[in-house]
Amino acid sequence: MAPGISHEAADGHARSTSRPGSSHEAAHDHAPSASRPGGPPCVAEELPDGLVVADAEGRIVRFNAQAARVTGVPRDRAVGARLEDALPLEDLKGNRWWPLTDPYGGLATRTGQPERNLLLPGGREVLVAARYVRDVPLGPVRRVVVTLRGTEARRRTERSNAELIATVAHELRSPLTSVQGFTHTLLTKWERFTDDQKRLILETVDADAKRVTRLIAELLDISRIDAGRLEVRRQPVDVAAAVGRHVHGLTARGLPPDRFFVRVGRPLPDLWADPDKIDQILGNLLENAVRHGAGTVTIEVAPTGMPDGEKGTAVTVSDEGPGIPEESMGRVFTRFWRGSTRGGTGLGLYIVKGLVEAHGGSITVGRAPSGGARFRFTLPVGAPAYVTQGI
């Protein structure tokens with residue numbers, strides 16, 4: 001049944017003595033169909049989805065304007081017609097939908113049909129769900145309520161998933177080609193290389209293999225974030241030490257030590273978090289600052305309070321680069337957002353946001369005092385009950 005449409009409202013249509021299509025029926029299309037105590041009534045024309053109501057005889061007594069827009073069927077042609085005539089739906093295999101589902105016959109225990117993708121004549125796709133309304137359990141169906149929706153939102157999701165696959169496939173191709181090429185060269189021409197050359201080739205293969213592993217991990221993280229199945233395995237974490245490790249790793253890769261400035265405000269609360277995910281968050285933010293920013297990258301770690309009064313830790317990463325345009329800040333944590341043309345999948349900050357929120361924290365983006373980008377995430381202490389109770 002459509003949201004906001006009460007049994008009582010639909011009953012009123014079934015009890016109406018006016019013939020379908022009459023002026024009395026048309027007036028009902030604009031009459032309140034449901035209400036809540038203390039709230040305004042809801043009318044069929046205000047529903048975001050198409051609404052179709054058929055009586056006990058299978059004839060349409062309600063067909064709102066959104067249903068007409070979604071299906072392309074004029075309202076005056078639909079009201080009074082039989083469901084299967086006004087909406088000759090077919091499934092994706094070409095089976096006629098109404099004879100197949102038989103809403104007025106079949107098992108009396110049925111309550112409706114879940115949403116599914118169906119086709120109207122001409123190949124127009126619609127998402128259709130139905131509710132069978134009975135006066136008493138196992139009694140005859142006295143009303144069929146159908147909701148109709150366009151497929152644009154689903155298409156956008158499908159395009160986003162296709163773009164994700166294409167992006168990851170493109171990013172995987174380069175390191176895999178490198179790994180394959182270098183290993184083939186070593187296997188076929190081993191004796192021609194010096195030990196130093198062999199070491200350089202193997203280090204390149206190792207770096208590319210790690211890149212592949214990281215991309216696969218990102219893909220798995222995205223799937224878990226989207227499905228709400230991201231697990232956090234909490235244990236004591238020293239965030240300041242984790243920041244130090246990441247800075248040391250970046251300088252070991254050739255970045256000058258004076259590129260980074262770390263400030264730690266103490267005492268920090270004891271933080272319980274997933275150390276691997278904290279490393280992933282810090283790695284993404286620092287990599288983002290180094291790749292897309294400029295000047296000194298400042299990392300600040302400090303105690304903070306959370307909205308619920310709990311203690312927490314705040315980490316701020318800022319740079320002295322051009323920063324992020326004001327109009328783009330609302331899209332920074334979405335999939336495939338890229339702040340520049342300097343490569344990357346555009347998935348890192350989307351994953352960071354998912355990891356922070358999985359810990360019960362939050363992350364924001366703004367402009368640093370120097371004009372660069374400023375990312376700040378906060379995490380609650382997340383201590384288990386036996387720790388907070390002093391056991």
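Computation of the quantities below employed the complete heavy-atom set of this structure, encompassing side-chain atoms and omitting hydrogens, waters and symmetry-equivalent molecules.
- Contact record, A373 with A368: O-CB, 4.1 Å, taken as the closest heavy-atom pair.
- Looking at R263, its side chain never comes within 3.5 Å of a backbone N or O of E300 through a donor-acceptor pair.
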Between L355 and I278, is a side chain to side chain contact (heavy atoms under 4.5 Å, CB included) present by the stated rule, with each step listed? CA-CA 8 Å; L355 296 177; I278 296 301; over 6 Å; no
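- The closest donor-acceptor contact from the side chain of K277 to the backbone of R233 lies at 3.5 Å or more, if one exists at all.
- Around CZ of R134, the count of heavy atoms belonging to other residues, nucleotides or ligands within 6.0 Å exceeds 12.
- Grouped by direct or indirect side-chain proximity (heavy atoms under 4.5 Å, Ile/Leu/Val/Met/Phe/Trp/Tyr only), L107 sits alone.
- Under the 4.5 Å side-chain heavy-atom criterion for ILVMFWY residues, no single connected hydrophobic cluster contains both F261 and L282.
- R131 contributes atom CZ, which lies 11.5 Å from atom OG1 of T147 (distance to the nearest 0.5 angstrom).
- Hydrophobic cluster membership differs between V237 and M306, with clusters built from Ile, Leu, Val, Met, Phe, Trp and Tyr side chains linked at under 4.5 angstrom.
- Expressed to the nearest 0.5 Å, how far CZ of F375 lies from CG of N284 amounts to 10.5 Å.
- Donor-acceptor pairing under 3.5 Å is recorded for the side chains of S178 and D208.
- Hydrophobic clustering keeps L219 apart from V179 (ILVMFWY residues linked when any side-chain heavy atoms are closer than 4.5 Å, directly or through intermediates).
- Between L230 and A358, the shortest heavy-atom contact is CD2-CB, 3.7 Å.
- With H359 contributing its side chain and D274 its backbone, the two residues share a donor-acceptor pair below 3.5 Å.
- Contact detail for P269 and G312: the closest heavy-atom pair is CG-O, 3.3 Å.
- Atom CD of E326 has 12 or fewer neighbouring heavy atoms from other residues, nucleotides or ligands inside a 6.0 Å radius.
- Looking at R234, its side chain does come within 3.5 Å of a backbone N or O of W272 through a donor-acceptor pair.
- Taking a 6.0 Å sphere around NZ of K210, one finds it holds 12 or fewer heavy atoms contributed by other residues, nucleotides or ligands.
- The CZ atom of R374 sits 12.0 Å away from the CG atom of D319 when rounded to the nearest 0.5 Å.
- Contact of the E287 side chain with the L250 side chain is registered, since non-hydrogen atoms from C-beta on lie closer than 4.5 Å.
- Put simply, the side chain of T101 reaches to within 4.5 Å of the side chain of Y132, judged on heavy atoms.
- Between the side chains of H246 and D279, at least one donor N or O lies within less than 3.5 Å of an accepting N or O.
- Atoms CG and CG, on N95 and L100 in that order, are 5.5 Å from each other to the nearest 0.5 Å.
- With a 4.5 Å cut-off on side-chain heavy atoms, T177 and Q180 do not count as touching.
- Between V352 and F377, every side-chain heavy-atom pair lies at or beyond the 4.5 Å cut-off.
- Scanning both residues, P103 and V144, for their nearest heavy atoms gives CB-CG2, 4.0 Å.
- Side-chain atoms of R110 come within 3.5 Å of backbone N or O of G105 as a donor-acceptor pair.
- Considering only heavy atoms from C-beta on, V297 stays 4.5 Å or farther from V247 through its side chain.
- Counting only heavy atoms from C-beta outward, the side chains of P275 and Q235 approach each other to under 4.5 Å.
- Between T183 and I201, every side-chain heavy-atom pair lies at or beyond the 4.5 Å cut-off.
- Looking at every heavy atom in both residues, M329 comes nearest to R367 through CE-N, 4.1 Å.
- The hydrophobic cluster containing V205 does not contain I216, counting ILVMFWY residues as joined when their side-chain heavy atoms lie under 4.5 angstrom apart, directly or transitively.
- A salt bridge is absent between D91 and R116: the closest approach of a Lys/Arg side-chain nitrogen to an acidic carboxylate oxygen does not fall below 4.0 angstrom.
- Linking Ile, Leu, Val, Met, Phe, Trp and Tyr residues whenever their side-chain heavy atoms come within less than 4.5 Å places V52 and L120 in a single cluster.
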Candidate pair L138 and T109, rule side chain to side chain contact (heavy atoms under 4.5 Å, CB included), full reasoning: CA-CA 6 Å; L138 306 182; T109 55; 3.6 Å; yes
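- A distance-only check finds no donor-acceptor pair linking the side chain of R376 to the backbone of S318 [under 3.5 Å].
- The backbone N or O of L87 sits less than 3.5 Å from a side-chain atom of W98, completing a donor-acceptor pair.
- No salt bridge links E57 with R59; every basic N to acidic carboxylate O contact stays at or beyond 4.0 Å.
- Note that CG of N64 and CG of D49 are 9.0 Å apart. Values are rounded to the nearest 0.5 Å.
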Passes side chain to side chain contact (heavy atoms under 4.5 Å, CB included), R259 versus V290? Steps please. CA-CA 9 Å; R259 181 79 191 275; V290 169; 4.1 Å; yes
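- Partners of E320 under the salt bridge (Lys or Arg N to Asp or Glu O under 4.0 Å) rule, at least two apart in sequence or in another chain, do not exist in this structure.
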Run F63 and T71 through side chain to side chain contact (heavy atoms under 4.5 Å, CB included) and show every step you take. CA-CA 11 Å; F63 198 85; T71 63; 3.8 Å; yes
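- Atoms OG1 and CZ, from T194 and R199 in turn, are 11.0 Å apart once rounded to the nearest 0.5 Å.
- Contact of the D270 side chain with the V381 side chain is not registered, since no non-hydrogen atoms from C-beta on lie closer than 4.5 Å.
- Counting all heavy atoms, side chain and backbone alike, L83 lies closest to I60 at CD2-CG1, 4.1 Å.
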